[in-house]
Structure formats: structure tokens, C-alpha cells
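Below, all heavy atoms of this structure are taken into account, side chains as well, without hydrogens, waters or symmetry copies. Owing to the predicted nature of the structure, the values given are computational and were not obtained by experimental measurement.
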Amino acid sequence: MHRSGILVLTNHVSALSYGDTVKRIVAGVKKIVDSTLYVHVENTCNVSQIKTSSFEFSLKSHPNTSNTPRSFSSDIFPFISKFYEEAASQCEDLDVNILLHNIGQHSGRRKTLQRPIQCIITDHAENSNIESEIIRKFVLGQYELNEDNKSGSTIPIFGIKEHSFVQNNVKPQSTIVTGEGNVVIGGTFDIIHSGHKVLLSEAALLANKRLLIGVTDGKMLERKTLHELIRGCKTRISSIQDFLLDVHDFCIKDEHCENPNKLPVLEVVPILDPIGPASTDPDLQCIVVSKETERGGVVVNEARRKNNLNDLYVHVIGEGLLIGDESSSPTKETKLSSSTLRYKSLGMLRKSPNIRTSSHPPGAYVIGLTGGIASGKSSIAKRLQNLGAVVVDCDKLGHLAYSLGTKTFEKVVENFGPEVVSQSGEIDRKVLGSKIFGADSKNRDLLNSIVWPEIERLARLKISEAVSERNEKVICVLDAAVLLEAGWDNFCHEVWVSVVTRDEAIKRVVERDGRTIADAERRIQSQLSNKERVEKASVVLSTMWETSATQAQVEKAWRFLVERMQEV
């Protein structure tokens, strides 16, 4: 098995798209490559007869035609969609990238790929030594190889023999597609998946002059499922650029591209409203949308008319992979989308464990579990306890921290007055709470400076006791709402964060505690945001859905945790 490779397809795309040919090609490829696959499609011209019995590659340099509008057979569009969809279905972990730089034109330049080519795979029927050498020379002539295999002489070549092409009834489309010049697309593009690749690829092929991509940011992200997990806008923009520059030839705007060959310009920008520059840019000619977002093209054109601009041609990619509809719950959604991928990431490790600090309690592997009010943090702690973890409840330790007779008790009374002492002699938490939840945050900070060190001391003591009782390495869960604020994450190996939406948290506080909506909002506002917590998180969990979904997340997180501990 090889980590990466290039699949060279010599047959016309009409033949490749016929029947279950793509399905069988992907089935053959996944037995050879398990990480990254580049796909080079050679025969994309519009021909009246398809010939697959002889190898038709030209080893000569093609003339530079990048200054003229590219034209290509429209058969390429259904092939791209079909291949990406089949790859997503059969081999979820294989990163497939269909190369576009050669489709409809040949620049004569060798293409540099981001990942190395460790093997060559071909659909060519005649897989003799002579034919294999021709294919090898072709690949070496078209692509700059990684330093590890610069000579190319040791790269193995495999033929896909699991399929046969049925040439009867295969009719290449006579339609010739000419690029639309200036093309625009938009989306969140959180995790670049196969659906995004279809959208980006078709837009790239249509863009002879300029491809403008709007990346959703700001308030618009808040309606997305698990929006706290969405990567930063700069990171998402970089991912788009990396993919397109790997599979195609672009000049990136504002990066001082000399562009002697007049490559199409790639411009990727953040957008803070649903339409962005698509409604105001007079040079745009075409917008690319999916079936699910087709209405967006209509809305854009309505906005352009109000601005006295021309309507954009709306190019709709075929039905198939979901591109941008994230409205439904990821536990119910059946098509591929970024929201389903974010949901699948719950319970998975996002950040390496903190195993180098000397501040860890000896003999324990400490998980700091935190989350906002009504996030379901305590229910997750109970589930972890049922799986074998020792749970240290810092909220309960907070009560003990200033119990009667302690130095902390004396400091609290000294700083907040005798009125905080109840008739029983204990600290009256309601009276104390009224002093620290007011408009003056200084009182809250003062109380924290008194109580937090004592809670940490008690927590460490509880962890040490658990280790002594079990006489073995113990997984301890530090259940603490203020874990990050208090700095207790410094002696945790990992930080686990539970998140729910703001609306769900407000609803739970009102129903559970009998508080008003305004009071619930104030309490949420006084805490760290979910986004701030997620930035520190090793693992993220969510109790937004049914209890079985929460249990599945916790069990997955626990399973991977046990595997990690074996390596520590």
C-alpha cells in the first residue's frame, strides 16, 4: 500500500462516466493508495469516436494556449462529480484531487504537486513494459516530482484490471464548453470535502480570467451547526487556495504574481452578508451554485438588477453531494456537508495532550472538563464516571473551600462583611452571590482570588487520594465550570469542552432554574464564550441532541483516550 499516487486516465471521459466504470476504478485504486490520490484525465477533448485500444499520449510539449479562452467537452463535469462522489462513498479517508490544469489547454509547463507521487496507476488496457515506460515518461514530463522520487525510475506502475470499458452505446456529448471569463462562488468552506471540490473544480474550469470566492464569516456563522468548531476565516481561505493551486494554475490576487502567461486570477475574500461582492462587482459574468443553493443565484441576480448590473449566468452543478445546506441536524443528515464532518469530529482529539509539564499530580491522567452554564457538562462527567473515571466536582469543592473554621472562610468574611454569614454560621451563598454578580466585577475577582487557590489544593488532594486507593494510573476528570479562568488547565493533560447553542443554554437555564430570560442571558454573557473554550480544547463534546448521541460521543472519546494513555 502506498501513501500517495497519481491515477492517469487515458480513456475519454464519456467512457469513464459510463455505467459503473468509476465505481470499479475507485475500488481498484483504494487497494493501492490510502492517503492522497491525484487524478490526471488526459482525453477530455470533444471527439466523434472514442479510441481506447491504443495509447494516445503525446510526449511532445504542447503549445502554450493559456492566452486563449479554454474550451473543453462538457462531459468533464459529470465525470468530476461522479468520481468525487464515488471516492467519498468508498474511501472516506482518501484525499482525492482531480487535476484541472491540463483540461482544455496545455501550457507546456511542468506542474508542481504539493504531495509526492509514490506510484502511478493507469486505466490503460495494454499494460506491457513498453506501455508502462511510456506512461512513466509522460508523468515525468508533465509533473515536477517530490525530492524523494525525483528520478522517477523507482516509481511503480499499476494497471486497473478490475473493470472493462463498454464502448457500445457510449456517445460523447457534442457540447463544447467555453469558459465564462469572470466567475463567482460563495460558501463557508469549513472542511474542504468532496462536495466542495466539485463546486471549486467546475468554477475553476469556467473561470478563464478571474475566479472570485466569497468565504462566509462574522455573524452569519452563528446559524451554522456547531459553529464554534468552524475554523478561522484565514485558515479556510488558505485551504481553498491550497486546493486550487494544487490542481490548477492560478495567479493569486495581491500576492504580486508576475503572471506572464496571463493565468486566471484567484481572489478569495471574507463576506459578512449572504451576497457579498456578487451584487456589486460589474465585471462578473457567471455564478456557480449547487442544486441545494440554486435559489442563491436568483437572489444575487435580483440584487444586481437593483444596482443596474447585468444578470449573471447561473451554472448549476448536478445533483449529488451536498455543498452548503447545513440547516438540518447532523445526526439526521444523510448527505455530505461540513456540518456532518464537524459532528463526526466530536469526541476526537483536536490538540496534542499536555504531557510534558511537571505540575501533573503523580499517578493520574487528568482531564479538565468544562463548559458554559447548562452545557450538559455534569451529565458528561457522570457518563465518564460510569466508564471508570474518577470525577472531582470542583463546584462541590468550592463549598468546602470556605467552610466554617477555614482560613478561606475568614478571608471571605473579612473582605465581604459579616452579613455574608448565615444564622447557622456558614457562608450564605445567596447573599455572597448578590455581592459578586452585581455590576462591579472587582468583587467577583476578589472572591476568585481567595477561593480558587483553595479549590485547586483540594482538587489535587482528591486526585492523590484516588491514586492511592486504586494503586494504579487513574483517569481523573476535573469537572470545573471555571477551569480555564482559574488556570487549572495547567495541571491537566487534556481539556474537554461541552458546548450547546446560546438559545439552548438560555432555554435550559429558564426551565431548570426558574430564572428569567434576561437573567439567563446575563449569566451567559459573564462567562467565556464557547469559541474561547473551544480554542483551548483537546476534545469537544455536545449535548445538543438526544441522550444516545451524547453517550456515543463520550464512548468514542473514552475509547480514543484509553488508546492515547497506552502511548504515554
Side-chain angles (χ1 to χ4, degrees), residues 219 221-228 329 368-383 391-403 412 415-417 419-424 426-452 455 477-486 488 496-534 536-537 540-547 549-550 553:
K219 291 285 187 182
L221 296 179
E222 294 179 3
R223 64 181 177 84
K224 305 292 184 181
T225 303
L226 295 170
H227 66 88
E228 299 90 352
S329 165
L369 176 62
T370 190
I373 188 171
S375 64
K377 171 178 59 64
S378 296
S379 71
I380 290 173
K382 289 179 182 178
R383 295 175 192 278
V391 175
V392 178
D393 188 335
C394 288
D395 188 42
K396 291 181 179 178
L397 294 183
H399 301 169
L400 292 175
Y402 49 70
S403 58
V412 170
N415 285 275
F416 293 97
E419 64 270 22
V420 300
V421 180
S422 67
Q423 291 182 353
S424 65
E426 300 285 348
I427 297 294
D428 190 322
R429 297 181 69 216
K430 286 187 177 180
V431 175
L432 182 61
S434 67
K435 287 178 174 285
I436 66 171
F437 281 110
D440 188 359
S441 62
K442 291 182 180 179
N443 282 344
R444 184 166 61 250
D445 294 339
L446 175 59
L447 179 65
N448 292 339
S449 69
I450 296 170
V451 176
W452 282 352
I455 295 176
V477 175
L478 201 64
D479 181 359
V482 294
L483 179 87
L484 300 176
E485 297 92 326
W488 300 332
W496 290 17
V497 173
S498 177
V499 297
V500 296
T501 64
R502 180 184 176 86
D503 289 345
E504 179 66 17
I506 291 172
K507 176 185 173 185
R508 291 180 182 183
V509 171
V510 170
E511 293 178 353
R512 184 191 68 187
D513 302 338
R515 298 185 182 277
T516 64
I517 293 177
D519 189 20
E521 288 177 337
R522 279 194 299 271
R523 288 178 176 269
I524 292 171
Q525 191 65 34
S526 69
Q527 299 178 331
L528 290 178
S529 67
N530 282 341
K531 192 74 173 177
E532 289 172 309
R533 291 190 182 92
V534 167
K536 299 279 189 177
V540 176
L541 303 161
S542 178
T543 61
M544 278 292 297
W545 298 281
E546 59 270 19
T547 56
T550 303
Q553 292 173 42

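Within the 4.5 Å cutoff, no side-chain heavy atoms of Ile427 are placed close to those of Phe416. Here the side chains of His399 and Glu426 are not in contact, with every heavy-atom distance at 4.5 Å or above.
A donor-acceptor contact shorter than 3.5 Å is absent between the side chain of Ser498 and the backbone of Gly371. Proximity of a side-chain donor or acceptor of Glu532 to a complementary backbone N or O of Ser529 within less than 3.5 Å is detected. Of the possible donor and acceptor atoms, one in the side chain of Thr370 sits under 3.5 Å from a partner among the backbone N and O of Ala481. In this structure, Glu228 contributes its side chain and Val499 its backbone to no donor-acceptor pair below 3.5 Å.
Val500 and Ala374 make their closest contact through CG2-O, 3.8 Å (heavy atoms, listed as atom of the first residue, atom of the second, distance). In terms of heavy-atom proximity, Val509 sits nearest to Ala520 at CG1-CB, 3.7 Å. Ser424 and Ser422 make their closest contact through OG-OG, 2.9 Å (heavy atoms, listed as atom of the first residue, atom of the second, distance).
From Ile380, atom CD1 reaches atom CD of Gln553 across 7.0 Å, with rounding to the nearest 0.5 Å. Expressed to the nearest 0.5 Å, how far CG of Asp479 lies from CG of Asp393 amounts to 5.0 Å. The CD1 atom of Ile506 sits 4.5 Å away from atom CD of Glu521, with the distance rounded to the nearest 0.5 Å. Distance check: Gln527 CD to Gln525 CD gives 10.0 Å after rounding to the nearest 0.5 Å. The CG atom of Leu528 sits 5.0 Å away from atom CZ of Arg533, with the distance rounded to the nearest 0.5 Å. Of the inter-residue distances, the one linking Asp395 atom CG with Ile455 atom CD1 reads 8.5 Å to the nearest 0.5 angstrom.
Residues forming a salt bridge (charged side-chain N to carboxylate O under 4.0 Å, His left out) with Arg502 (at least two apart in sequence, or on another chain): none. Partners of Glu222 according to the side-chain hydrogen bond (donor to acceptor under 3.5 Å, both in side chains) rule, which considers only residues two or more places apart in sequence or in another chain, do not exist here. In this structure, the side-chain hydrogen bond (donor to acceptor under 3.5 Å, both in side chains) partners of Thr543, at least two apart in sequence or on a different chain, are Arg508.
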Task: CA sep, side-chain torsions, deciding dist, call: Val412, Leu447, side chain to side chain contact (heavy atoms under 4.5 Å, CB included) - done: CA-CA 7 Å; Val412 170; Leu447 179 65; 4.0 Å; yes
Task: Derivation and outcome, salt bridge (charged side-chain N to carboxylate O under 4.0 Å, His left out), residues Asp519 and Arg522 - done: CA-CA 5 Å; Asp519 189 20; Arg522 279 194 299 271; 3.7 Å; yes
- [ ] Give the intermediate values and the outcome of side chain to side chain contact (heavy atoms under 4.5 Å, CB included) for residues Ile524 and Ile373.
- [x] CA-CA 7 Å; Ile524 292 171; Ile373 188 171; 3.6 Å; yes
Task: Residue pair Trp496, Val477: steps toward the side chain to side chain contact (heavy atoms under 4.5 Å, CB included) verdict - done: CA-CA 9 Å; Trp496 290 17; Val477 175; over 6 Å; no
Task: Verdict with reasoning, Thr547 to Arg383, per side chain to side chain contact (heavy atoms under 4.5 Å, CB included) - done: CA-CA 11 Å; Thr547 56; Arg383 295 175 192 278; 3.7 Å; yes
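The environment of Leu400 atom CG is dense: over 12 non-hydrogen atoms of other residues, nucleotides or ligands sit within 6.0 angstrom. Counting heavy atoms of neighbouring residues, nucleotides and ligands inside a 6.0 Å radius, atom NZ of Lys396 does not exceed 12 of them.
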